[in-house]
Structures are given as C-alpha cells and as structure tokens.
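The structure under discussion appears below in the form of structure tokens.
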Amino acid sequence: MTRHKVVMINGSPRKKRTQLLLLGLKDLLEKEDFQVEILNLSDYEIKTCRGCEVCITKGSCVIKDDMEVLKEKMINSDGLVLATPVYMRHVSGSLKNFIDRTCSWFHRPELTGKVLLPVATTAGSALKQTLAFLGEVAYQWGMVSVQGIGRNVSNLHVNLKKKEYMAFVEIIRRESLYHKPSLEALMSYQVQRVLAEKLLTIDGDFWREKGWDKQIYYYSCRIGLIKRLIASLLYAILMKRIRSVENDGDAHEGKRR
Ligand SMILES: Cc1cc2nc3c(=O)[nH]c(=O)nc-3n(C[C@H](O)[C@H](O)[C@H](O)COP(=O)(O)O)c2cc1C
C-alpha cells in the first residue's frame, strides 16, 4: 500500500517557532506511517498577486514563479498542514499572499476531498481567530478542516497530544471521502456552485464536467436532513438572487456591483 502524503506549508519568513512545531508534528505523523514534506514559503519565489484576475477568468496566472510547483505538491498530497505565525492578529503576509495566489481554486477547486490541519504560533494573542481563518481557507479550497493546533511562547515546547492530530490522521486514512462536511463547508459549496452556474463559462464547464452542478457537495457522503435542507434553501435563494453574467471578461466586475 502506498503511504499517505502530507504537505506542510510554513508561512513564516523564518524557520523558528512555527517550524519547530511543524517538526514535532512531522515526527508524529511519520510514526503513523505518513510521508511528510515541509515547504517553507521563504525557500520559494512567490511574487505578490497583481489582482488582474486572469487566473480566475482565463484559467492560469500570468506570473511565472514557484507557485505552480507548490500547487502541484498540494494537489498530489492527501492532507495539508497550513501553518503561520500570528502577525497583527492574523496570518503572516507571506501566507496571505500565497493564499491569494490560489484564488482560482475558489472557482475551480483542485483539493476537494483532502483534509486540512490549521497550525499557528503566537507571542500571546489572536490564536483562535487565526486558526479559524485557516479553517475558512479550507472551505475556499473545497477541503475539510479539522480542529487546529495552536501554541504560544509559554507552551511551545509542550509535547503534542494524540488528540490534537489524530482526527487529521483518521480522516486521511478513511480517504476522507466519507467525512461529513460541516454546515459552513456545505454553505460555501452552494455559493461556489451558484457562482459557477451564473458567473463564468470557464467555471460552469469545469463544474459540469465534474458533475458538481447537480450535487449538494463535492462527493457523496452522509448529510443530515436539516443540513441538507439549509443547503438546498441557500442554493435556491442564491440562484434566484444572483443574475447571470454573459461576458467573461467583465463577469467578475459585473457580479460585484
Ligand atoms: C510582524 C509581526 C507581527 C506579530 N503580531 C503578533 C500579534 O498580533 N500577536 C501576537 O501575540 N504575536 C505577534 N507576533 C509574534 C509572533 O506571532 C510569534 O513570535 C510567532 O511565534 C513567530 O513565529 P515564527 O518564529 O515561526 O516566525 C508578531 C510578530 C511579527 C514579526
């Protein structure tokens, strides 16, 4: 059997506290027979997003740098650890820019069915909200997120407990396809589904090819009746309220006005 692959992204410009936490986690995941690679964003050339939206409207980014290599590694993984130091009560600028550079994945998700484990370190504040943001990125990428791991300077060296990472391990082992999505993940899916239908031809084609336009989530899984009803209602409301845009070039602009 091939070993499950986990990619860890370290969004710190330096290799210190967040890296230390990741190294500890890497050891533990390797003991669970996972193959783990740490990618320090500081080792790669990642230029700033220019905001042109060409990746969204035309399919590929105009900037040529290491982003494609990193995206490929993420696509080929079974699980992802997304790690950051807390900067001004949020993720680091390097990590935010990296996330911005993947924004076409909100339209045409490439990481569906994979699991994300958020990790953050801080001098003391804003751990909860930073981890929560990383969890939201998982939905934007079409992934499922487990509860994050956070450390501050006073407990950085406290050993990681099994309960902090085993949900991640277990979902990956079950190939994650049977993992039940949260209500937030389901709702994010409905927004993406409607936008794919109403906004850009390139998105609509992609979603139809995957068969997602007819589904309530990326893959079939057990979803409770209440969640299913809320998701279906949201889909119906959005379909009614968001108007179609014909012209691809102006589509994004048109939607926002
Ligand atoms: C630019 C900058 C902003 C920071 N903002 C915060 C903050 O808002 N709250 C906090 O508690 N720590 C803050 N810190 C401290 C870092 O979150 C903390 O030292 C972190 O563990 C560093 O991780 P690293 O060693 O992997 O870079 C900040 C540090 C820097 C350099």
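Atom set for the values below is all heavy atoms of this structure, side chains included, hydrogens, waters and symmetry mates excluded. All ligand and atom numbering here is 1-based and tracks the order in the structure.
Remark: minimum distance from atom 2 (C) of ligand 1 to any protein heavy atom is reached at Y87 CD1, 3.4 Å. Closest protein heavy atom to atom 19 (O) of ligand 1: R17 NH1, 2.5 Å. Looking at atom 20 (C) of ligand 1, its nearest protein heavy atom turns out to be T121 OG1, 3.4 Å. In this structure, atom 4 (C) of ligand 1 lies nearest to the protein heavy atom V86 O, 3.3 Å.
The nearest non-hydrogen atom to atom 23 (O) of ligand 1, considering only G93, P85, G11, comes from P85. Remark: among candidates N10, N40, T122, the nearest residue to atom 10 (C) of ligand 1 is T122, based on non-hydrogen atoms.
The number of heavy atoms from other shown groups lying within 6.0 Å of NZ (K64) is above 12. Heavy atoms from other residues, nucleotides or ligands lying under 6.0 Å from NZ of K47 number more than 12. Atom CD of Q35 is surrounded by more than 12 heavy atoms from other residues, nucleotides or ligands within 6.0 Å.
Between R173 and E170 there is no salt bridge, since no side-chain nitrogen of the basic residue lies less than 4.0 Å from a carboxylate oxygen of the acidic one. Look at D66 and R101 and you find no salt bridge, because none of the NZ, NE, NH1 or NH2 atoms lies under 4.0 Å from a carboxylate O.
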Under the side-chain contact (heavy atoms from CB on, under 4.5 Å) criterion, do L127 and V86 qualify, and how do the steps go? CA-CA 7 Å; L127 205 47; V86 172; 4.3 Å; yes
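Every atom of ligand 1 with a heavy atom of T18 under 4.0 Å away is listed here by number and element: 23 (O), 24 (P), 26 (O). Contact atoms of ligand 1 toward R89: 7 (C), 8 (O) (distance under 4.0 Å to a heavy atom of the residue). Less than 4.0 angstrom separates some heavy atom of K16 from each of these atoms of ligand 1: 25 (O). The ligand atoms of ligand 1 that sit less than 4.0 angstrom from a heavy atom of R14 are 22 (C), 24 (P), 25 (O), 27 (O). Atoms of ligand 1 found under 4.0 Å from any heavy atom of M88 (numbered from 1 in listed order, with element): 3 (C), 4 (C), 5 (N), 6 (C), 7 (C), 8 (O).
For A126, the closest heavy-atom approach to ligand 1 does not fall below 4.0 Å.
Atom-to-atom distance recorded for I149:CD1 and K163:NZ is 11.5 Å, nearest 0.5 angstrom.
Taking the six-membered ring where tryptophan is involved, the planes of Y189 and Y218 are perpendicular, since the angle between them exceeds 60° and thus also 30°.
Only the side chain of S12 comes within contact range of ligand 1, with a heavy atom under 4.0 Å; no backbone atom does.
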